[in-house]
Amino acid sequence: MFENVIKNITRFITLTPEEEIIFTDLLVCQKFPKKTVLLREGEICQFEGYIHKGCLRMYCLDDNGTEVTLLFAIEDWWISDIASFQEQKPSKVYIETLEDSEIYMLNPATKEKLLNEVPKFERVFRMLVQRNLTTFQSRLVDTISKSASDRYIEFIKVYPSIPQRVAQYYIASYLGVSKEFVSTIRKRLASKEK
């Protein structure tokens, strides 16, 4: 049941069998149907979750109330509003399932217990935060310096399975373009592959 999350963790640290048990005993497996909002703007994020199955997105609302997708998260990824979770302050984002999902979750208390009992997990969470920061920084640079077409091509490299899993308007909101543009660029790229 926990084989995948253990593999995910052991990319960063080596666990003894006892440490694996401590870790997995603290995880709570939760299943959520498609279109479940796990976190809303203004709420305090109470989870860090490993996605065992499913696809989620994090988004915010702009001044016009339009949804802006910040990231997608799929199997073998972690998801949380790190700032809200760490500081226990109201979130500025939403987290929603786009597919039926199964997530292994830690809450602030269980994460603290894990860090106290197996201190080497500090490295795991530090590496996850660094990866997250790198992803957001790359995305910011791409948004400023690349054309919409190039951003779409980069998006496909990072998220090759997403176009088959989510509606085009979510991808458009991630890229900051219209869904018609996404449709056009997909057709153009498909015709080049022929």
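Computed from heavy atoms alone, side chains included, the values below leave out hydrogens, waters and symmetry copies.
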Check whether any side-chain heavy atom of [X] sits under 4.5 Å from a side-chain heavy atom of [Y], and report yes or no.
{"X": "K53", "Y": "S101", "result": "no"}
{"X": "P163", "Y": "R186", "result": "yes"}
{"X": "I6", "Y": "T10", "result": "yes"}
{"X": "S149", "Y": "R188", "result": "yes"}
{"X": "V5", "Y": "H52", "result": "no"}
{"X": "F125", "Y": "E48", "result": "yes"}
{"X": "E41", "Y": "Y94", "result": "yes"}
{"X": "L71", "Y": "Y59", "result": "no"}

Do [X] and [Y] share a hydrophobic cluster, counting only Ile, Leu, Val, Met, Phe, Trp and Tyr and linking them when any side-chain heavy atoms are less than 4.5 Å apart?
{"X": "L114", "Y": "V28", "result": "no"}
{"X": "M1", "Y": "L27", "result": "yes"}
{"X": "L98", "Y": "L38", "result": "yes"}
{"X": "L115", "Y": "F85", "result": "no"}
{"X": "V129", "Y": "V118", "result": "no"}

* To do: Give a yes-or-no answer on whether the side chains of T69 and S173 include a donor-acceptor pair shorter than 3.5 Å.
  => yes
* Taking atom types as modelled, find out whether Q88 and Q46 have a side-chain donor-acceptor pair closer than 3.5 angstrom. => yes
What are the two closest heavy atoms between [X] and [Y], and how far apart are they?
{"X": "D100", "Y": "P33", "value": "OD1-CA, 3.4 Å"}
{"X": "V37", "Y": "R40", "value": "CG1-CG, 3.6 Å"}
{"X": "I51", "Y": "I74", "value": "CB-O, 3.6 Å"}
{"X": "V93", "Y": "C60", "value": "CG1-CB, 4.5 Å"}
{"X": "S84", "Y": "C45", "value": "OG-N, 2.8 Å"}
{"X": "I185", "Y": "V182", "value": "CG2-O, 3.2 Å"}

* To do: To the nearest 0.5 Å, tell me how far I9 CD1 sits from K7 NZ.
  => 14.0 Å
* Structure fact -> Value for CD1 (I82) from OG (S91), rounded to nearest 0.5 Å, stands at 11.5 Å
* To do: Could you go through the side chain to side chain contact (heavy atoms under 4.5 Å, CB included) check for N107 and F47 one step at a time?
  => CA-CA 5 Å; N107 63 41; F47 68 90; 5.9 Å; no
* Asked: Around E3, counting heavy atoms of other residues, nucleotides and ligands shown, do more than 12 lie under 6.0 Å from its CD?
  -> no
* Stepwise, does the side chain to side chain contact (heavy atoms under 4.5 Å, CB included) test hold for C55 with T97? -> CA-CA 6 Å; C55 178; T97 61; over 6 Å; no
* Derivation and outcome, side chain to side chain contact (heavy atoms under 4.5 Å, CB included), residues Y50 and I103 -> CA-CA 5 Å; Y50 170 82; I103 305 171; 5.7 Å; no
Is the side chain of [X] donor-acceptor paired with the backbone N or O of [Y] at a distance under 3.5 Å, no angle test?
{"X": "S183", "Y": "K179", "answer": "no"}
{"X": "S138", "Y": "T135", "answer": "no"}
{"X": "T110", "Y": "L106", "answer": "no"}
{"X": "T134", "Y": "Q130", "answer": "yes"}

Acceptor/donor pairs from residues 18-25 side chains to any protein atom, 3.5 angstrom cut, sequence neighbours excluded:
{"residue": "E18", "atom": "OE1", "partner": "T16", "partner atom": "OG1", "Å": "3.4"}
{"residue": "E19", "atom": "OE1", "partner": "T16", "partner atom": "N", "Å": "2.9"}
{"residue": "E19", "atom": "OE1", "partner": "T16", "partner atom": "OG1", "Å": "3.4"}
{"residue": "E19", "atom": "OE1", "partner": "K120", "partner atom": "NZ", "Å": "2.9"}
{"residue": "E19", "atom": "OE2", "partner": "K120", "partner atom": "NZ", "Å": "3.4"}
{"residue": "T24", "atom": "OG1", "partner": "E20", "partner atom": "O", "Å": "3.0"}
{"residue": "T24", "atom": "OG1", "partner": "I21", "partner atom": "O", "Å": "3.4"}

* By side chain to side chain contact (heavy atoms under 4.5 Å, CB included) - contacts of T66 (at least two apart) -> D62, N64
* Structure fact -> The complete set of ring-ring contact (aromatic ring centres under 6.0 Å, His included) pairs with one or both residues in residues 158-183, sequence neighbours excluded, reads F72-Y159, F72-Y174, W77-Y159, F155-Y159, F155-Y174, Y159-Y174
* Structure fact -> By ring-ring contact (aromatic ring centres under 6.0 Å, His included), F2 pairs with (sequence neighbours left out) Y104
* To do: Assess whether side chain to side chain contact (heavy atoms under 4.5 Å, CB included) is satisfied between W78 and N132, documenting all intermediate values.
  => CA-CA 9 Å; W78 287 79; N132 189 286; over 6 Å; no
* Structure fact -> Quick note, salt bridge (Lys or Arg N to Asp or Glu O under 4.0 Å) partners involving residues 149-171, not counting sequence neighbours, are E75-R165, E99-R165, K146-E154
* Tell me the salt bridge (Lys or Arg N to Asp or Glu O under 4.0 Å) pairs involving residues 79-97, sequence neighbours left out? -> K35-E96, R57-E96, E87-K89
* Do E117 and K113 meet the salt-bridge criterion of a basic N to acidic O distance under 4.0 Å? -> yes
